[in-house]
Number of protein chains: 2
Amino acid sequence: MPSPPRINLKTLAEHLGLSITTVSRALKDGPEVKPDTVARVKQAAATLGYLPDAGGVYLRTGRTMKICSVFFAPEVADYGDAGFLAQVEGVSRTLETDSYNLIVLAQTASQSPLETVRRVFQQRLADGIIFSRTTPMDERARFCLEFKFPFVSFGRTELHSPHAFVDHDDEGGVYDAVTRLAAEGHKRIALFNPTGGMTYAGFRLRGYQRALADLGLPWDRSLLVTSPLSVWASQAAMGDLLARDTGVTAIVCANQLSMFGAMDAAQEQGRDPAQGDLRIIGFGGMPFRMPFEQGVTYYYQPQRRDGEELARHMLALLQGEPAESLQTVLPYQRIDDLQRFRTDLRTQAMAEARRP
Amino acid sequence: MPSPPRINLKTLAEHLGLSITTVSRALKDGPEVKPDTVARVKQAAATLGYLPDAGGVYLRTGRTMKICSVFFAPEVADYGDAGFLAQVEGVSRTLETDSYNLIVLAQTASQSPLETVRRVFQQRLADGIIFSRTTPMDERARFCLEFKFPFVSFGRTELHSPHAFVDHDDEGGVYDAVTRLAAEGHKRIALFNPTGGMTYAGFRLRGYQRALADLGLPWDRSLLVTSPLSVWASQAAMGDLLARDTGVTAIVCANQLSMFGAMDAAQEQGRDPAQGDLRIIGFGGMPFRMPFEQGVTYYYQPQRRDGEELARHMLALLQGEPAESLQTVLPYQRIDDLQRFRTDLRTQAMAEARRP
DNA sequence: CCAACAAATCAAAACGTTTTGGATTGTGCG
DNA sequence: CGCACAATCCAAAACGTTTTGATTTGTTGG
């Protein structure tokens, strides 16, 4: 049983008794071809299921019609950050409107971040790239700038040349959190920060220190804890802190996973957030349901919207818009009552689902 | 400031004073080229950062060196299934060994599943495709079989032609769960199943009914609840069930999200799994920490390993191995004590992290 | 010294597409 | 009728790569 032949412009042209040129033109409504023929060609293309070969189109036009988003896989070692999928959905849906495809490249532990970007550029895997874990002097950003390769970074840099980015206001978020904790009477507030030299860790620290200064609280180096953001690593780091410093009454966590880690550590040390033994502040995307939601304030960022913004910037870049005008810093939304927030979202989603 | 020129075989050849042919051959250690020249070419390629243009290679060889994995985006509407990322990592890492790239295509709500597969095939976006949400008469599988397009389905079909797949033993898992619940004294055990006609829903039902029959329990249609697997949808469906049938003492959930939904629903109905008011059985990947872990038995499936198996099958297919020999059904691992399981995994992971 | 042969390199074709520049036909007008 | 011109269509080139077949150079044996 031979498989049906693959349809390309040549076979389509032969089947119609036309030239390749005419068929190609007809498919994009070229004015030089008789309306009659256009209809006939489109009809045949539809029934035969013709779609242009992406490799061929690229070779001729230089455009792959693909955008690459880099997925940092080592972080998935234990739990994955579910929020990335929401971001992927946002990116994908937005790109779709301009008939771009998203390709997600997994950055495994064995490749350097720059290698991945270089490969995308040099092998022409995509027309542009989106990456996160951005550092102040990000080498990937520098590479893209040098080779004029379109990119949007999730996170700011400190590079001189302007470039497109989407970021969260981590400085503002942490400042707000610390201020409120102090108002509640907390004196020893720990800040949990990721390792890896990401720019936003610096913003978080700045917000923390600025709040302390404004509040007249002392800056204590030992209250700054840094570790990878996996559940286990942050649990270990948090456990260390809580064991060596029993005076800590509040922790400002980084992402959702580190919040889980903090909770596990608190429980292990016999401190129950639900009983008010420890205040936990979380940051991140749509929060999963947790054991101790009462003692938690959460700074929320809808990651699907992040993805949409990233994609919009990318599409604008490809349209030739200047990068200067494609820089977004999104505020966090503070949630004091997670339970209520959840039910509100639910009723909202149910209502949306009802009217399609 | 002009950007550096892109390096291709032509520029590389000119730069070396050689022909394109010789450079191409040298880069793949062709025996017809002088060892001296090979070294010179490779040196130049490395310093100039040459990598072959993927589009050009494809056009000539017919191989894109890419594998596509379809991501079902509508499910992310509220919470995403973090496990998919673990699977992606597994696939990606395994493909890497044969220098294949993974591209993740997001299947949004606006495209039919078949359309996505057809596009990958016809536009030549990849050399093979991996998809999930497999149905007994899966049209995507039928399409791939007809056109002899390599694919591995995550989930079985009932098609006559054999094809490669990876699946879990859902029938066995549910049978085991129901049997144990009955041994604990439960009489009214609800089964939660996904909508969408996926094959594994049928296996789950079969395991459920077989267990009931073996145990001499009656089959009660009203104990079978079907709904989409998002947190909110399953909470609503579970709420309905618990409200209309107060005799239910145990629920066999589908994935992790539906388990969260069931817990929310239980709480809403004033039934506390921690107090033994309701037994909840979960299925899925690495479980997030939950409010009521005491009343939960979890059937675990390491999704990274699923990904690795999917990728291995795909690579084998592309090597020409027959699909008959590429069919895997993986057993679930029952976890009665989630707390202990978690700490075990943690110590294990920490030990691994210590010796790199 | 020349034929025969191996070693090393190269020119050209092909993949599927778009586009440039022609070619062919049909129509209107002087 | 003959010419210009529009309306259609088509051949060929180009993109970057691999591979087939040919060509050049160097070496060996008679």
Side-chain angles (χ1 to χ4, degrees), chain A residues 5-42 44-45 48-66 99 101 119-127, chain B residues 5-42 44-45 48-66 99 101 119-127:
Chain A
R6 201 182 292 272
I7 307 295
N8 55 23
L9 275 188
K10 189 157 85 177
T11 59
L12 196 53
E14 283 167 0
H15 176 262
L16 284 161
L18 288 171
S19 77
I20 293 178
T21 309
T22 306
V23 175
S24 172
R25 278 187 169 139
L27 288 173
K28 30 187 69 62
D29 285 307
E32 310 98 325
V33 40
K34 190 160 53 171
D36 202 17
T37 319
V38 170
R40 207 160 55 92
V41 170
K42 284 192 170 178
L48 293 180
Y50 170 79
L51 288 174
D53 180 291
V57 172
Y58 154 65
L59 210 52
R60 169 66 219 208
T61 65
R63 312 184 68 189
T64 64
M65 298 308 282
K66 299 195 192 85
S99 64
N101 281 317
R119 238 187 45 229
V120 172
F121 168 76
Q122 179 63 43
Q123 302 206 85
R124 221 69 182 103
L125 297 179
D127 296 334
Chain B
R6 201 183 291 274
I7 307 296
N8 55 24
L9 274 187
K10 189 157 85 177
T11 59
L12 195 55
E14 283 167 359
H15 177 262
L16 284 160
L18 289 170
S19 77
I20 293 179
T21 308
T22 306
V23 174
S24 172
R25 278 186 167 141
L27 288 173
K28 30 187 68 62
D29 287 307
E32 311 98 325
V33 41
K34 193 160 52 171
D36 202 16
T37 318
V38 171
R40 206 159 57 91
V41 170
K42 284 193 169 177
L48 293 180
Y50 170 78
L51 288 174
D53 180 290
V57 171
Y58 154 65
L59 210 53
R60 169 67 219 209
T61 64
R63 313 183 68 188
T64 64
M65 298 308 281
K66 300 194 192 85
S99 64
N101 280 316
R119 238 186 45 229
V120 172
F121 168 76
Q122 179 64 43
Q123 303 205 86
R124 220 74 182 99
L125 297 179
D127 297 333

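Numbers restart at 1 for each chain; the letters A, B, ... are given by sequence-line order, proteins then strands.
Formation of a donor-acceptor pair under 3.5 Å by the A:Arg63 side chain with backbone atoms of A:Val57 is not found in this model. Checking side-chain atoms of A:Arg124 against main-chain N and O of A:Leu59 turns up no donor-acceptor pair under 3.5 Å. The closest donor-acceptor contact from the side chain of B:Thr11 to the backbone of B:Ile7 lies at 3.5 Å or more, if one exists at all.
Of the options B:Leu51, B:Asn8, B:Asp53, a side-chain contact (heavy atoms from CB on, under 4.5 Å) to A:Gln122 is made by B:Leu51 and by none of the others.
The nearest pair of heavy atoms linking A:Leu16 to A:Ala44 is CD2-CB, 3.9 Å. Minimum heavy-atom separation, B:Thr64 to B:Leu125: OG1-O, 4.2 Å. Heavy atoms only, all atoms of each residue included: A:Val38 and A:Ala26 are closest at CG1-O, 3.7 Å.
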Pairs: protein N or O with nucleotides 12-21 of chain D N or O, under 3.5 Å:
{"residue": "D:dA12", "atom": "N6", "partner": "A:Thr21", "partner atom": "OG1", "Å": "3.4"}
{"residue": "D:dC15", "atom": "O2", "partner": "A:Leu59", "partner atom": "O", "Å": "2.9"}
{"residue": "D:dC15", "atom": "O2", "partner": "A:Arg60", "partner atom": "N", "Å": "3.3"}
{"residue": "D:dG16", "atom": "OP1", "partner": "B:Asn8", "partner atom": "ND2", "Å": "3.3"}
{"residue": "D:dG16", "atom": "N2", "partner": "B:Gly56", "partner atom": "O", "Å": "3.3"}
{"residue": "D:dT17", "atom": "OP1", "partner": "B:Tyr50", "partner atom": "OH", "Å": "2.7"}
{"residue": "D:dT17", "atom": "OP1", "partner": "B:Asp53", "partner atom": "N", "Å": "3.1"}
{"residue": "D:dT17", "atom": "OP2", "partner": "B:Leu9", "partner atom": "N", "Å": "2.6"}
{"residue": "D:dT18", "atom": "OP1", "partner": "B:Lys28", "partner atom": "NZ", "Å": "2.9"}
{"residue": "D:dT18", "atom": "OP2", "partner": "B:Ser24", "partner atom": "OG", "Å": "2.9"}
{"residue": "D:dT18", "atom": "O2", "partner": "B:Arg60", "partner atom": "NE", "Å": "3.2"}
{"residue": "D:dT18", "atom": "O2", "partner": "B:Arg60", "partner atom": "NH1", "Å": "2.3"}
{"residue": "D:dT19", "atom": "O4'", "partner": "B:Arg60", "partner atom": "NH2", "Å": "2.9"}
{"residue": "D:dT19", "atom": "O4", "partner": "B:Thr21", "partner atom": "OG1", "Å": "3.3"}

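B:Thr37 has a side-chain polar atom (N or O) that falls below the 4.0 Å cut-off from OP1 or OP2 of C:dT9. Phosphate contact (OP1/OP2 of D:dC9, side-chain N/O of A:Thr22, threshold under 4.0 Å): absent.
Across the protein-nucleic acid pair, B:Leu18 atom CG and C:dA8 atom P stand 13 Å apart, rounded to whole Å.
Within the 4.0 angstrom heavy-atom criterion, only backbone atoms of the sugar-phosphate kind lie near B:Gly17; the bases stay farther away.
No side-chain heavy atom of B:Asn101 sits less than 4.5 Å from a side-chain heavy atom of B:Met65.
A rotation axis mapping the C1' atoms of four pairs onto the next four is fitted at both ends of the helix from C:dC1-D:dG30 to C:dG30-D:dC1 over five pairs, and the angle between these axes is 70° to 10 degrees.
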